[in-house]
**Q** 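Could you have a look at this structure, given as structure tokens, before my questions?
For the numbers below, each heavy atom of this structure counts, side chains included, while hydrogens, waters and symmetry mates do not. Letters A, B, ... mirror the listed sequences (proteins, then strands); counts begin at 1.
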2 protein chains.
Amino acid sequence: MTEKVVIIGGGAAGPKTAAKLRRENAEIKIDLYTQEDIISYSACGLPYFIGNIIQDYTTLILRTPEDFKKQNINIHIKSKCIKVNTEEQTVLIEDLISNNRYEVNYDILVIATGAIPIIPEIKNIGLKNVFTLRTIKDGIKIKEKMLQSKQAVLIGGGYISIELLEAFVQNNLKVTLLEKNNQILNMFDEDFAQRITDYIIGKNPGQVSILTGEEAVEFKGNENGEVISVVTSTGKEIETDFVILGTGVRPNTDFLLDSGIKLGIKNSIKVGNTLKTSINNIYATGDCTDNFNLVTNKYTWVPMGSTANKEGRCAAINIAGGNCHFDGILNSTITKYFDYTISIIGISYKEAIEYGFQPEFAIVTKRDKAGYMPNSGMMTLKLIADKNTHTILGIQGIGEGDVNKRINTVIPAILSKTRLETFMNLDLPYSPPYSPAIDPVLNAAQIIYQKINS
Amino acid sequence: MTEKVVIIGGGAAGPKTAAKLRRENAEIKIDLYTQEDIISYSACGLPYFIGNIIQDYTTLILRTPEDFKKQNINIHIKSKCIKVNTEEQTVLIEDLISNNRYEVNYDILVIATGAIPIIPEIKNIGLKNVFTLRTIKDGIKIKEKMLQSKQAVLIGGGYISIELLEAFVQNNLKVTLLEKNNQILNMFDEDFAQRITDYIIGKNPGQVSILTGEEAVEFKGNENGEVISVVTSTGKEIETDFVILGTGVRPNTDFLLDSGIKLGIKNSIKVGNTLKTSINNIYATGDCTDNFNLVTNKYTWVPMGSTANKEGRCAAINIAGGNCHFDGILNSTITKYFDYTISIIGISYKEAIEYGFQPEFAIVTKRDKAGYMPNSGMMTLKLIADKNTHTILGIQGIGEGDVNKRINTVIPAILSKTRLETFMNLDLPYSPPYSPAIDPVLNAAQIIYQKINS
């Protein structure tokens, strides 16, 4: 019988696993170890704390160690897991204050150690005011520095960079974004990445530069060891008050390399749809696990807070003797740049070709409400479907209009492999304040269907 | 070979059929007859014209007769269809200006005559300033009267009444709504109808009265024959400057009763999924047709502008020799009362029981964004699923939060009969400005699933 569950990691997945497990089982002993001193917080909210949309970082914290204590869950902060011994069923924990190490035994172990930033090879990367953003502590440091600064350089053109770009522009900084690929937001097709770039540049002319196909090769510093400029691969030197490394993350699993727990893509932990690892009494949840892509039917690694919460919940149900399956993901992501939504679900056109589909696409630019209603917004959708099966493979959506509604409308259809001819006549509720009589997302499906059949 | 297509009706479905048919086939002769003098307009926009959200009614008009002329489509306004002779393949048209009648022959006929208001039996119903709302002309008359008025009575508690209630409150009228049933919005479960009622009453205290279980039995008039009060079934007398009859509509098919064209529920025209009637060369589109409900697998009649447009498009493709199926509807409807969205899809809990399902439900009241984000709105969702099949039967959503996104997220899942255990882990894109980490609609599915399994 399971008597003691040990959870490693205190971001989103670990605390979610702990809280749900306690609701499912009042008796089981639960101990959670985290190297941080704050647990159970929304890392996804950090850009909005930095941008000052949220003034107080404590609002990002869902539950404190005291809250957990009331639920009879023991939280051990500043306690880092060094090693897992699957034979002995123990973990080696280092107390980060005393540096003492001690072993803890478990009946069931849950690994939820998340992801850590990838540090690129750039000369003088150790200078002061070169930041990564992952924890609340990171967020506090960046915000403090931003409030005293006039200019910033963002390295990498992913979602976090777009969100921090908004935060910095909002706070009147001049910002340069460097992306070594030929487009920002590499998961999007090139045409959409270009539209997004054009929007961002056009929104605050002169305040934002986006340089693609160009990478940082060196940081220069002053006598205090603080970064003062970034030298790029084309020889430009960009003055700056601080630098953000938004160059991606990787699973935080180095401590598992010799544990016998099977790792998969990018060294994420291989889990099945019950969230069990290759070892019978060890589960893993959140950003440290691999993911199954339900469009490509291949394993991938897409760390997302929403997935972390669902996996935590599901693993807890299973540990408590229930039956929960987390079958996979659709690479669903969304962000915004001020009022402009940026979202992609499933796979892009370029990926569809890589994966051997025979894709067709439609791009529609339409108002989100009946044309005669005030305050309607424009949006552009790119829907991608497979010519052979007539199923939808993905959608990209951008614009100031209500993109998210259209994106979400497509998601269950991707999952269920609904055919275009069915989807294009879907009974979406219509009223002029909510959409045109035929919703733009259905127009897109109609257009692809006609392309395929002509 | 089809050479001449005659279309009867000028609202949404007829003009849509005509325009799409012309795009599919440049040669075919197309003649459209309508008894009105304005064609191709959005009747669903009329409440917003009346409320003065839209100042100019011409913005509701999508295409004028001149626009159609350019597409080589002949529009005959003020021309009412009196009779269809399916043997001779002719329609009898009355010119409403000269009162002359003449026959027109067709190869293919499309009936798109829409719906007309049901006039209840109320004493003195013929008084002046007793209105129904269906056409632009109706809308102009109501707006004109509203702008001179201080008080109004709405009879019937359907969507149009809610939309006109907003319009009248917006224009500072005191309004009484009478609904003979024990709840407004009869398609909703009683608990949701009550929540909606409470919201409306609470929003403008003292300005709006909603009387349920009470009907109008008599209108009283002044010496000019203008309505001045409404007497109710409980003996109340309510002073008013005008009255709106929002007591429902019925298919406009009286002229077909002896035509041999098969009629179905409520005398709507029976059509198959190709929009063909029981007569081989006659199609019907829009509010005059019956509808197949994809949840109950029964025929129903739910006149909606979105369905009218889809049916018109689909019929046109088929007439042009293509292959389009319109398989059915999900009774999807949405409206709003100021910032408060009101929507229902599929069937309610009470209907689920009537139709022999074994329903279970979950009600969640949650914020639409991460709790720490500013400007999040509350919403309440009621999700209904079948205990036997674990499929979702319907959803009701209300609130100032983004209800519509959640509603649309469920629709393809209802259609595809996605099981709860799959739906509850759906990969919806997450970012704090868009939703909590686990979307409320997924919470609702999790709750039902746990209820069913416990």
Side-chain angles (χ1 to χ4, degrees), chain A residues 12 42 44-45 48 53-54 59-60 294 304-310 313-314 324-336 343 345 370-374 402 404-405 407-413 415-416 418 421-423 425-434 437-439 442 446, chain B residues 12 42 44-45 48 53-54 59-60 294 304-310 313-314 324-336 343 345 370-374 402 404-405 407-413 415-416 418 421-423 425-434 437-439 442 446:
Chain A
S42 168
C44 306
Y48 305 100
I53 305 294
I54 304 160
T59 59
L60 297 179
L294 294 162
M304 290 295 298
S306 45
T307 303
N309 273 280
K310 287 172 200 152
R313 181 180 177 280
C314 211
C324 184
H325 281 196
F326 184 78
D327 290 326
I329 63 165
L330 299 167
N331 287 18
S332 302
T333 59
I334 193 166
T335 193
K336 72 182 190 72
S343 183
I345 312 293
Y372 50 80
M373 291 300 288
D402 185 353
N404 192 183
K405 180 170 77 173
I407 292 285
N408 273 29
T409 306
V410 173
I411 293 173
L415 186 75
S416 303
T418 307
E421 43 271 58
T422 300
F423 183 79
N425 282 324
L426 192 63
D427 189 15
L428 302 178
Y430 160 60
S431 174
Y434 294 93
I438 296 186
D439 194 274
L442 304 186
Q446 292 168 352
Chain B
S42 168
C44 306
Y48 306 100
I53 306 295
I54 304 161
T59 58
L60 298 179
L294 294 163
M304 290 295 298
S306 45
T307 303
N309 273 281
K310 286 172 200 151
R313 182 180 176 278
C314 211
C324 184
H325 282 196
F326 184 79
D327 290 326
I329 63 166
L330 298 167
N331 287 16
S332 302
T333 60
I334 192 166
T335 193
K336 72 183 191 69
S343 182
I345 312 292
Y372 50 79
M373 291 300 287
D402 185 354
N404 192 182
K405 179 170 77 173
I407 292 284
N408 273 28
T409 306
V410 172
I411 294 175
L415 186 75
S416 303
T418 306
E421 42 271 58
T422 300
F423 183 79
N425 281 324
L426 191 63
D427 188 14
L428 301 178
Y430 160 61
S431 175
Y434 293 94
I438 295 186
D439 194 273
L442 304 185
Q446 291 169 352

**Q** Output the option from A/S42, A/A308, A/C324, A/A12 having the highest count of non-hydrogen pairs under 4.5 Å with chain B.
**A** A/S42
**Q** Between A/V410, A/I334, A/I54, A/I53, which has the largest tally of heavy atom pairs under 4.5 Å with chain B?
**A** A/I334
**Q** Whether the side chain of A/N309 engages the backbone of B/I438 through a donor-acceptor N/O pair (distance < 3.5 Å, no angle test) should be reported.
**A** no
**Q** Can you tell which part of A/I407 gets under 4.5 Å to a heavy atom of chain B, answering side chain, backbone, both or neither?
**A** side chain
**Q** Give, for atom CG of A/L428 and atom CD1 of B/I329, the distance between the pair rounded to the nearest 0.5 Å.
**A** 12.5 Å
**Q** Could you tell me which of B/G328, B/S343, B/G371, B/P433 has the largest number of non-hydrogen atom pairs under 4.5 Å with chain A?
**A** B/P433
**Q** Taking the side chain as everything from C-beta on, heavy atoms only, tell me whether A/I411 gets closer than 4.5 Å to B/P429.
**A** yes
**Q** Among B/N331, B/L442, B/I345, B/L330, which residue has the highest count of heavy-atom pairs closer than 4.5 Å to chain A?
**A** B/L330
**Q** Only pairs of heavy atoms separated by less than 4.5 Å count here; which of A/H325, A/E421, A/R313 has the most with chain B?
**A** A/R313
**Q** Side chains of B/N404 and A/K405: is there a donor and an acceptor less than 3.5 Å apart?
**A** yes
**Q** Just verifying a value: how many Å separate B/C44 SG and A/Y434 OH, rounded to the nearest 0.5 Å?
**A** 13.5 Å
**Q** Based on non-hydrogen pairs under 4.5 Å, which of A/T335, A/T333, A/T409, A/D402 is most in contact with chain B?
**A** A/T409
**Q** Might you point out which heavy atoms bring A/P412 and B/A413 nearest each other, and give the distance in Å?
**A** CB-N, 4.0 Å
**Q** What are the two closest heavy atoms between A/S416 and B/T418, and how far apart are they?
**A** OG-OG1, 3.2 Å
**Q** Using a 4.5 Å cut-off on heavy atoms from C-beta on, say whether the side chain of A/D327 contacts that of B/N425.
**A** no
**Q** Determine the minimum heavy-atom distance between B/A437 and A/S306, stating which atoms define it.
**A** O-CB, 3.2 Å
**Q** Under the 3.5 angstrom rule, does the side chain of B/T59 hit a backbone N or O of A/Y372 as a donor-acceptor pair?
**A** no
**Q** Would you compute the distance between atom SG of A/C314 and atom CD of B/Q446 and round it to the nearest 0.5 angstrom?
**A** 9.0 Å
**Q** Roughly how far, to the nearest 0.5 Å, is CE of B/M304 from OH of A/Y430?
**A** 8.5 Å
**Q** In the structure I gave you, are the side-chain heavy atoms of B/Y48 and A/P374 within less than 4.5 Å of one another anywhere?
**A** no
**Q** Is chain A contacted by the side chain of B/L426, its backbone, both, or neither, given a heavy-atom distance below 4.5 Å?
**A** both
**Q** Checking B/N408 against A/N408 for the side-chain contact (heavy atoms from CB on, under 4.5 Å) test, could you report, in this order, the C-alpha distance in whole Å, the side-chain angles of both residues, the deciding distance, and whether it holds?
**A** CA-CA 7 Å; B/N408 273 28; A/N408 273 29; 5.9 Å; no
**Q** What's the separation between atom OG1 in B/T422 and atom CG in A/L294, rounded to the nearest 0.5 Å?
**A** 9.5 Å
**Q** What part of A/L60 gets closer than 4.5 Å to chain B, counting heavy atoms only: side chain, backbone, both or neither?
**A** both
**Q** Distance check, rounded to the nearest 0.5 Å: B/D427 atom CG versus A/T307 atom OG1?
**A** 5.0 Å
**Q** With a 4.5 angstrom heavy-atom cut-off, could you sort out which part of B/D439 is near chain A: side chain, backbone, both or neither?
**A** neither
